[in-house]
Colleague: 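One structure coming up, written as structure tokens, with questions to follow.
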Protein chains: 2
Amino acid sequence: MKDLINQIQIQVNEKVYIKDPNSSDLGKNIIAHSIKIIDEIGFEGFTFRKLAIVLNTKEGSIYRYFENKHKLLIYITSWYWGWLEYHLVFSTTNIPQPEERLKIAINTVARGHEDSEIFSFINLGALHRIVVSESSKAYLTKEVDRANKEGFYSGYKRLVGRISELVLEIEPNFQYAHTLISTIVEGILHQKYFADHLPSLTDIDHDDQKLAEFYCMMALATIKSSK
Amino acid sequence: MKDLINQIQIQVNEKVYIKDPNSSDLGKNIIAHSIKIIDEIGFEGFTFRKLAIVLNTKEGSIYRYFENKHKLLIYITSWYWGWLEYHLVFSTTNIPQPEERLKIAINTVARGHEDSEIFSFINLGALHRIVVSESSKAYLTKEVDRANKEGFYSGYKRLVGRISELVLEIEPNFQYAHTLISTIVEGILHQKYFADHLPSLTDIDHDDQKLAEFYCMMALATIKSSK
DNA sequence: CATAAATAGTAGTATTACTATCAATTATAG
DNA sequence: CTATAATTGATAGTAATACTACTATTTATG
């Protein structure tokens, strides 16, 4: 699996960047090191100046790739959702039972990364932590409508859409597939954050397996209750 | 009800502010107008300078009340959770059936404000929109652990705790009360945001009643499924 | 009416978030 | 292998942000 994964490239909406970071070494370093720095000091503390110093380059060079740090955040979170979607499609094909497919999907989201800790130059562990604690800042902004129109959130929307389809396979008359799945995906991220920082808001303590089980149980109970 | 509500004062952890904004006209204006400005231009665009200009005062005077704008955000969101808790306690007392109490609680969170649009000098409609789109930024920061230690999130935690207790009254052996309730509270906020900005992630379109019904159904199905 | 408290007014600093320009380096195409 | 295009490096500069500090003036209170 690892070998195969290294063959593919995750596509990110090209309007997110000025110059494709995959097209050069500097570009790849910008992605790799911004993930590292944001993971360490948080998105608010992260600046292109700090990144430039680490990369032994200048702010100006980074601005040739991304208009601002918010776009860079959209880039790396979109990349993550693209990667997860790839993973999801892979893990659910050839599973005949729709209920089983939904369970696998929820497990995929809850586990986040796993067998491939480093995907080419991207540290998936750090990226996953960023998604947990920073990804909602990609859309919780006054520019959300413009960004959405440009398609910046299509990766996330596609993922939610795909899992919602699995729900509809189980129960085609279920009216709340998107609400249920976006609640679960956001819920998984939040519960992980709460386990780390606000433990009284959760009952699941760093156990991705258990987290997945809870949300599977919740999903199936909710779907069936609607009949 | 409105008259009674105007009698009480919502308490916010006093470490959040330097000087109690309730103790002066300027303080109250800081709260009232920061809610207005954040609602209009978003938390990122909001600065103490802009607030000072609107209030015909100087940055320095605002800094005597709040160390920085992040603390002010914590203040106003804490205030909201305190207000909601008050509402919740009020609306669930004297209801004998635990299931009914849980339903009322979820409805209270989903409706957010309603019969009291303006609570003394606070515009609850604007505050509710801020809670929907900005409140998670109060804890999604690298300072979260320090802030949590200071008790800055106790209002939110108390609210989740209270509703979790209602869950346990229905089913004392349920293991995931906090996870379920924090998922629902966050879910309600997210679904409202999605309805406004990313509609493909939700099935509930600006209908607080329906939103509450969905999450009530989900809660009860999940609780019962665990038996 | 005195004096303490609060606010207004003015300055100033370090950092952020950029933009612009030109020189040096590196890639690529003929 | 060289011309030239593309990329990056280096330097500079601006407006805004996020503060801190100090003094003058106003307002409250005993």
Side-chain angles (χ1 to χ4, degrees), chain A residues 14-34 37-38 40-76 121 134 137-138 140-143 146-147, chain B residues 14-34 37-38 40-76 121 134 137-138 140-143 146-147:
Chain A
E14 54 176 32
K15 284 177 183 164
V16 174
Y17 47 77
I18 296 167
K19 183 175 149 75
D20 187 355
N22 263 308
S23 69
S24 73
D25 281 354
L26 178 60
K28 286 171 196 162
N29 275 319
I30 287 171
I31 301 305
H33 284 83
S34 58
I37 298 171
I38 294 172
E40 281 164 10
I41 67 171
F43 184 65
E44 275 70 42
F46 169 77
T47 67
F48 280 0
R49 177 167 294 257
K50 286 174 188 166
L51 176 59
I53 290 165
V54 169
L55 294 179
N56 251 302
T57 182
K58 303 286 153 180
E59 274 180 282
S61 306
I62 297 166
Y63 277 106
R64 275 183 216 109
Y65 286 83
F66 291 99
E67 208 184 317
N68 53 50
K69 69 173 182 170
H70 187 247
K71 290 260 172 83
L72 195 153
L73 179 66
I74 293 177
Y75 182 92
I76 62 178
F121 55 90
E134 316 284 2
K137 295 170 191 168
L140 291 176
T141 146
K142 282 285 168 186
E143 285 88 49
R146 213 171 322 136
Chain B
E14 55 177 34
K15 284 177 184 164
V16 174
Y17 47 77
I18 295 166
K19 182 175 151 73
D20 186 354
N22 263 307
S23 69
S24 73
D25 281 354
L26 179 60
K28 286 171 196 161
N29 275 318
I30 287 171
I31 300 306
H33 285 83
S34 57
I37 298 172
I38 295 171
E40 281 163 10
I41 66 171
F43 184 64
E44 276 70 41
F46 169 77
T47 68
F48 280 1
R49 177 169 294 256
K50 287 174 187 165
L51 176 60
I53 290 166
V54 169
L55 293 179
N56 253 302
T57 183
K58 303 284 152 180
E59 275 180 280
S61 305
I62 297 167
Y63 277 106
R64 269 181 225 108
Y65 286 83
F66 291 100
E67 210 184 317
N68 52 51
K69 69 172 182 172
H70 186 247
K71 289 259 171 84
L72 196 154
L73 179 67
I74 293 176
Y75 181 93
I76 61 177
F121 55 90
E134 316 284 1
K137 294 170 190 168
L140 292 176
T141 145
K142 282 285 167 185
E143 285 88 49
R146 213 172 321 135

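Each chain gets a letter, A, B and so on, in the order the sequences are listed, and its residues count up from 1. Atoms considered below: every heavy atom in the structure, side chains included; atoms not considered: hydrogens, waters and symmetry mates.
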Colleague: Any base atoms under 4.0 Å from B:E59, or only sugar-phosphate, or nothing? Heavy atoms, all strands.
Modeller: base

Colleague: I want to check one thing: is the phosphate of C:dA6, taken as OP1 and OP2, less than 4.0 Å away from some side-chain N or O of B:K19?
Modeller: yes

Colleague: Applying a 4.0 Å non-hydrogen cut-off, can you work out what B:Y63 is touching in the nucleic acid: base, sugar-phosphate, or nothing?
Modeller: base

Colleague: What is the separation between atom CD on B:E44 and atom P on C:dC18, rounded to the nearest whole Å?
Modeller: 13 Å

Colleague: Looking at side-chain heavy atoms only, is the closest gap between A:K50 and A:V54 below 4.5 Å?
Modeller: no

Colleague: Take the protein atom CG of B:L26 and the nucleotide atom P of D:dA28, then report the distance between them rounded to whole Å.
Modeller: 12 Å

Colleague: Under a 4.5 Å cut-off applied to non-hydrogen side-chain atoms, are B:N68 and B:K71 in contact?
Modeller: yes

Colleague: Looking only at heavy atoms, what is the nearest atom pair of B:A52 and B:E59, with distance?
Modeller: CB-N, 3.6 Å

Colleague: Have A:Y75 and A:S34 got a donor and an acceptor in their side chains that come within less than 3.5 Å?
Modeller: no

Colleague: 5'-most contact on DNA chain C: B:N56 or A:F46, nearest heavy atom basis?
Modeller: B:N56

Colleague: In whole angstrom, what separates A:R64's CZ from D:dG9's P?
Modeller: 8 Å

Colleague: When the distance from NZ of B:K50 to P of D:dA15 is rounded to whole Å, what number comes out?
Modeller: 16 Å

Colleague: Please work out which of the three classes, parallel, tilted or perpendicular, describes the rings of B:F48 and B:F46, given edges at 30° and 60°.
Modeller: perpendicular

Colleague: Using whole Å, what does the distance between atom P of nucleotide D:dA12 and atom CZ of A:R49 come to?
Modeller: 13 Å

Colleague: Rounded to whole angstroms, how far apart are CD1 on A:I53 and P on C:dA17?
Modeller: 13 Å

Colleague: With a 4.0 Å cutoff (strictly under), does any side-chain N or O of A:T57 reach OP1 or OP2 of D:dT8?
Modeller: no

Colleague: Starting at CG of A:D20 and ending at P of D:dA6, how long is that distance when rounded to a whole Å?
Modeller: 17 Å

Colleague: Nearest to the side chain of B:K58 - D:dG9, C:dG9, D:dC19?
Modeller: C:dG9

Colleague: Measure CD1/A:I18 against P/C:dA20 and give the value in whole Å, please.
Modeller: 12 Å

Colleague: Report yes if a side-chain nitrogen or oxygen of A:Y65 is closer than 4.0 Å to either non-bridging phosphate oxygen (OP1 or OP2) of D:dT8; otherwise report no.
Modeller: yes

Colleague: So, does B:S24 get its side chain near the phosphate of C:dT7, meaning an N or O under 4.0 Å from OP1 or OP2?
Modeller: yes

